[in-house]
J.: 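My structure is below; once you've seen it, I'll send some questions.
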Amino acid sequence: MSRPAVGTAAFHRRDGALFCEDIPLAAVAERFGTPTYVYSRRAIVDAFGAYAAALAGRRALVCYAMKANSNLAVLDLLARVGAGFDIVSGGELARALAAGGDPRKIVFSGVGKTEDEIRAALRAGIRCFNLESAPELDRIQQVAAALGMQAPVSVRTNPDVDPKTHPYITTGLRQNKFGVAYAQTLALYRQAARLPNIRIVGIDCHIGSQITEVAPYVDAAAKLLDLVDALSREGIALEHIDFGGGLGIAYRDETPPAPGALIAAILAQVDARGHGDKEIVFEPGRSLVGAAGALLTRVNIVKAGTEKNFAIVDAAMNDLLRPALYDAWMQVQPVQAGTGATQRYDIVGPVCESGDWLARDRDLALAAGDLLAVLGAGAYGMSMASNYNTRGRPAEVMIDGDRIYEVRRRESVEALFAGESTLP
Ligand code: LLP
């Protein structure tokens with residue numbers, strides 16, 4: 001039960017108590033209440049370091065896919081160590097800039113960019129738009145022309161490879177809405193090359209998320225490099241090749257490759273095909289922040305049922321949606337060594353939905369008032385949180401050695417309806 005925390009030494013036990021870096025999680029709960037997201041600064045910086053080390057000596061850019069966790073402190077930390085950002089909305093652009101991100105290191109993905117978003121990104125001077133359709137190309141051309149600017153673009157091709165992950169987070173299959181069909185990609189580049197306010201800078205793909213094998217990446221890379229060759233034969237030279245994100249983490253017993261192993265496999269292909277001169281871009285999200293975070297929650301009521309025992313905690317599906325949405329297994333650990341007898345529990349929240357659960361069939365010794373930590377919650381935790389059931393979202397804290405920084409205060413109930421009004 002007290003197995004080591006997922007993928008990182010950021011969360012560990014000292015004398016039976018769960019710590020993040022040098023801070024006991026019980027102290028976090030005491031000071032900030034629960035539920036609270038807790039992040040380790042060191043774990044985030046180290047995770048980025050693994051990518052940076054594997055790319056050392058190359059022209060390369062790691063654009064953090066900030067949808068995984070867009071807290072300003074997380075963005076600031078990653079910007080400071082040299083990360084760029086992969087954004088998918090005008091809101092994310094504003095966050096990246098507010099956190100001090102360099103616009104020249106921002107790539108803008110997403111299938112539904114609006115004119116306003118395109119304008120804002122052009123004015124900010126982003127590195128490129130990752131184009132996902134022909135109509136989007138026309139729209140970017142129009143907006144850029146109106147501003148008298150040149151828009152840098154990269155086509156996100158859909159290589160149609162199976163990343164062997166959850167169907168909701170597969171993105172590079174023919175039936176997915178993402179990217180430009182592989183067979184239509186060259187034609188779109190030709191069209192882009194003729195437009196006066198478009199400047200072609202790269203190519204990219206992103207095949208899915210929580211990928212735990214190297215093979216799908218190698219397949220996608222081969223297809224991407226075929227396109228790079230075809231483009232260069234037509235006189236369309238690219239500055240960069242973006243292999244997307246998607247590398248998984250170990251929530252339970254998965255064995256994803258280390259970033260270094262994945263990158264080495266891809267770089268070997270890049271070099272073998274004679275494209276070592278191109279800048280290499282990656283867009284990791286989860287693998288930079290997932291293992292660096294935990295959701296700290298307190299057991300409110302222990303309810304013994306006839307079929308099942310329920311530990312009703314103060315965090316719910318609105319705070320951490322992954323179990324409800326993807327049937328995701330996330331590790332739950334007691335913050336202090338349990339005292340009572342071990343029993344089998346479903347860990348559920350107070351929200352009025354049967355789908356409101358965080359973990360099922362876990363053998364834990366617990367009592368009302370105990371603290372639990374859901375590990376591997378640094379990615380797609382807070383960033384997917386909602387206010388369902390008029391619940392304010394959790395506080396977020398960043399641990400740095402023996403210091404605790406509140407990087408987002410708990411949302412107050414008043415704030416939840418501050419923008420609403422009754423009829424006159
Ligand atoms: N680039 C693009 C264009 C993406 O769409 C994504 C994620 C990433 C990069 C980063 O992927 P990552 O390295 O984090 O796997 N909410 C789901 C995951 C959705 C991923 C969406 N796209 C989850 O909680 O598992």
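Whatever order the structure lists them in is the order used to number ligands and atoms, beginning at 1. Only heavy atoms go into these numbers, but all of them, side chains included; no hydrogens, no water, no symmetry mates.
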J.: Once you restrict to heavy atoms under 4.0 Å, what part of Tyr326 touches ligand 1? Side chain, backbone, both or neither.
T.: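 Near ligand 1, Tyr326 shows its side chain, while the N, CA, C and O stay back.
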J.: Which atoms from ligand 1 have a heavy atom of Arg322 less than 4.0 Å away?
T.: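 Those qualifying, in numeric order: 23 (C), 24 (O), 25 (O).
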J.: Hey, does Tyr380 come in under 3.5 Å of ligand 1, counting only N/O atoms on both sides?
T.: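 Looking only at distances, the answer is yes, because the N/O contact criterion of under 3.5 Å is met.
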J.: Sub-3.5 Å donor-acceptor pair from the side chain of Glu136 to the main-chain atoms of Glu132, do we have one?
T.: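 Yes, the answer is positive, given that a donor and an acceptor are paired below the 3.5 Å cut-off.
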J.: Show the atoms of ligand 1 that are less than 4.0 angstrom away from any heavy atom in Lys67.
T.: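 In order of number, 2 (C), 4 (C), 5 (O), 6 (C), 7 (C), 8 (C), 21 (C), 22 (N).
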J.: Looking at Arg127 and Asp102, does any basic side-chain N land under 4.0 Å from a carboxylate oxygen?
T.: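 Salt bridge between Arg127 and Asp102, a charged N being under 4.0 Å from a carboxylate O: no.
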J.: Going by the atom numbers of ligand 1, which of them fall below 4.0 Å from some non-hydrogen atom of Ala65?
T.: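 So the atoms of ligand 1 that pass are 8 (C), 9 (C), 10 (C).
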J.: Looking only at non-hydrogen atoms, which of Met66, Arg286, Glu132, His206 approaches atom 11 (O) of ligand 1 most closely?
T.: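 That would be His206.
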J.: Using a 3.5 Å cut-off on N or O atoms only, is Met384 in polar contact with ligand 1?
T.: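 N/O-N/O distance under 3.5 Å: no.
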J.: Determine whether any heavy atom of Gly244 lies closer than 4.0 Å to an atom of ligand 1.
T.: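 Contact absent.
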J.: For the residue pair Tyr64 and Phe85, does the interplanar ring angle fall in the parallel (under 30°), tilted (30 to 60°) or perpendicular (over 60°) class?
T.: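 Ring orientation, 0 to 90° scale: perpendicular.
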J.: Please state which part of Asp86 comes within less than 4.0 Å of ligand 1, counting heavy atoms only: side chain, backbone, both or neither.
T.: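 Side chain only.
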J.: Is the closest heavy-atom distance from Ala68 to ligand 1 below 4.0 Å?
T.: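 No, Ala68 has no heavy atom closer than 4.0 Å to ligand 1.
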J.: Using only heavy-atom distances, determine whether the side chains of Tyr388 and Glu353 contain a donor-acceptor pair under 3.5 Å.
T.: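 Result is yes, a qualifying pair exists.
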J.: Assess the side chains of Ser209 and Arg286: does a donor N or O sit below 3.5 Å from an acceptor N or O?
T.: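 Yes.
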J.: For Ser209, which part has a heavy atom under 4.0 Å from ligand 1: side chain, backbone, both, or neither?
T.: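 It is both parts that get close, each with some atom under 4.0 Å.
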J.: Within a distance under 4.0 Å of any heavy atom of Glu283, pick out the atoms of ligand 1 and give their elements.
T.: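 Under 4.0 Å from Glu283, ligand 1 has these atoms: 1 (N), 2 (C), 3 (C), 8 (C), 9 (C), 10 (C).
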J.: Between Asp242 and His206, does any side-chain donor sit less than 3.5 Å from a side-chain acceptor?
T.: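 On atom types as modelled, these side chains do not qualify, holding no pair under 3.5 Å.
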J.: Do Ser383 and Asn69 have side-chain N/O donor and acceptor atoms under 3.5 Å apart?
T.: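 No.
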